[in-house]
Amino acid sequence: MTNPKEFPSDFPLPEPRRLACSRCGAEFGCDLSGNCWCAEETARLPMPIKGEDCLCRECLRKAAAEAVNAAH
């Protein structure tokens, strides 16, 4: 994620981009200014597998739970 403190105060922040979840196809927004919903999540991993882009909140949570269950 981009840290908004890295930009000068008069620098325009990038517009949120619209994404489709790599796993389920749900559309969601990604706010590159650092205010993205994913910053609120406790799970930062697993990262999407090779060839995937961001995951929606539901798929990120499901992938994190699967990773925890696989580790036990």
Side-chain angles (χ1 to χ4, degrees):
M1 269 198 202
T2 305
N3 184 347
K5 294 177 184 170
E6 295 173 3
F7 295 109
S9 61
D10 61 343
F11 188 84
L13 293 175
E15 291 292 319
R17 60 186 184 135
R18 296 297 303 161
L19 296 171
C21 177
S22 294
R23 297 195 181 175
C24 73
E27 289 190 22
F28 62 97
C30 178
D31 186 349
L32 298 175
S33 69
N35 298 318
C36 188
W37 63 264
C38 67
E40 300 168 5
E41 293 294 309
T42 57
R44 298 293 188 271
L45 294 174
M47 295 298 292
I49 60 173
K50 187 175 182 175
E52 284 185 329
D53 199 347
C54 294
L55 302 177
C56 69
R57 187 183 305 254
E58 178 86 19
C59 288
L60 177 63
R61 288 177 177 175
K62 186 184 292 185
E66 290 169 358
V68 167
N69 290 335
H72 289 103

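The residues of the chain are indexed from 1 along the displayed sequence.
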- Please tell me if the side chains of Arg17 and Cys54 come closer than 4.5 Å, counting only heavy atoms from C-beta onward. yes

For [X] versus [Y], what's the shortest heavy-atom pair and its separation?
X     : Y     : value
Ser22 : Leu55 : CB-CD2, 4.2 Å
Gly25 : Ala20 : O-CB, 3.9 Å
Arg23 : Cys59 : CB-SG, 3.9 Å

